[in-house]
Amino acid sequence: VVTTLVPAVTPMEAEIPKAKPPVQEVQPPEEKLTPPRPAPGEWPRLTLDQAVVTYTEKACTILFDFGLFSSRTELAPGALQILEKIAAQLRPYMTGFNLVIEGHTDAMPMTSDANLDNYALGMARANTIMKVLETSGQLPAQAMLVTSAGETDPPYPNDTDIDRRKNRTVVLKLIPAKKTASTPAP
């Protein structure tokens with residue numbers, strides 16, 4: 001005869017729920033944070049002479065009415081003062097935005113320097129403006145990005161001398177800064 005011992009359970013013990021094992025919190029996978037899109041009216045309202053400011057869902061774009069450069073990377077007369085005014089208006093917003101500086105050229109091929117093409121010249125112009133905005137305009141370099149369109153995608157047609165001069169410029173685009181897990185909201 002085999003006897004099995006079964007612990008006696010009182011009716012009271014039968015009603016007490018058993019302790020559940022500890023639950024581990026599951027963290028959702030870290031998702032890539034996309035930049036917030038400012039609602040209409042949240043873009044900085046800029047008041048600029050000699051520039052046109054346009055607002056879209058993705059960017060606040062500043063297009064100058066004249067070419068900022070008199071030659072390769074030499075600023076045209078009056079350009080420094082206009083850039084300083086722009087920087088003064090942008091400075092309060094730079095914690096929540098990045099400034100993309102896109103260099104442009106006219107469509108004329110480079111003749112005097114065989115090592116420099118219009119793409120490289122556009123990049124050199126963007127870097128020049130970034131240095132001006134950083135030093136004279138006191139904008140943080142880490143909030144600025146430079147790029148070049150070269151002779152492609154000109155802001156003005158390239159069919160007259162006046163418009164070609166206007167294309168010796170940069171286009172500034174203010175975009176929302178990307179937030180990361182360690183970046184506090186503005």
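These numbers come from a predicted model, not from an experiment.
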Check the pair Leu174, Asn98 against side chain to side chain contact (heavy atoms under 4.5 Å, CB included), reporting the backbone distance first and the verdict last.
CA-CA 6 Å; Leu174 193 65; Asn98 286 328; over 6 Å; no
Nearest heavy-atom contact between Gly103 and Ala126 is N-CB, 3.8 Å
Problem - Flag side-chain contact, heavy atom, 4.5 Å: Glu102 against His104 - result: yes
- Query: Do the side chain of Thr152 and the main chain of Ala149 share a donor and acceptor less than 3.5 angstrom apart?
  - Reply: yes
Cluster membership besides Ile175, Ile/Leu/Val/Met/Phe/Trp/Tyr side chains within less than 4.5 angstrom, sorted by chain and number, is Val100, Leu145
Residue set satisfying side chain to side chain contact (heavy atoms under 4.5 Å, CB included) with Leu63, at least two apart, ordered chain then number -> Pro155, Tyr156, Val171
Sorted by chain and residue number, the side chain to side chain contact (heavy atoms under 4.5 Å, CB included) partners of Pro154 (sequence neighbours excluded) come out as Asn158, Asn167
For Cys60 and Val53 the tightest heavy-atom approach is SG-CG1, 3.7 Å
Looking only at heavy atoms, the pair that brings Arg164 and Asp159 closest together is NH1-C, 3.7 Å
- Query: Is a salt bridge present between Asp106 and Arg165, judged by a nitrogen-to-oxygen distance below 4.0 Å?
  - Reply: no
By side chain to side chain contact (heavy atoms under 4.5 Å, CB included), Thr54 pairs with (sequence neighbours left out) Val52, Thr61
Scanning both residues in full, the closest heavy-atom pair of Thr73 with Ala124 reads CG2-CB, 3.6 Å
List the steps and the verdict of side chain to side chain contact (heavy atoms under 4.5 Å, CB included) for Leu83 and Ile129. CA-CA 8 Å; Leu83 291 167; Ile129 298 303; 3.6 Å; yes
By side chain to side chain contact (heavy atoms under 4.5 Å, CB included), Gln138 pairs with (sequence neighbours left out) Arg91
Heavy-atom nearest pair, Met144 first then Ile101, reads SD-CD1, 4.0 Å
**Study point:** Side chain to side chain, Leu90 and Ile86, heavy atoms closer than 4.5 Å
**Key:** yes
> Quick check: does any side chain N or O of Thr105 sit under 3.5 Å from a backbone N or O of Gly122, one acting as donor and the other as acceptor?
Replying inline: no
request  = Kindly state whether the ring of Trp43 and the ring of Tyr93 have centres lying under 6.0 angstrom apart.
outcome  = no
Nearest heavy-atom approach of Val170 to Phe64 is O-CD1, 3.4 Å
Side chain to side chain donor-acceptor pair (under 3.5 Å) pairs touching residues 118-130, sequence neighbours excluded, are Asn118-Glu151
message = What verdict does the side chain to side chain contact (heavy atoms under 4.5 Å, CB included) test give for Glu134 and Leu139, after you've listed the backbone C-alpha separation in whole Å, the side-chain angles of each residue and the deciding distance to 0.1 Å?
response = CA-CA 5 Å; Glu134 179 185 9; Leu139 295 183; 5.8 Å; no
Open item on the list: Checking Leu75 against Val132 for the side chain to side chain contact (heavy atoms under 4.5 Å, CB included) test, could you report, in this order, the C-alpha distance in whole Å, the side-chain angles of both residues, the deciding distance, and whether it holds?
Closed with: CA-CA 10 Å; Leu75 289 176; Val132 167; 4.0 Å; yes
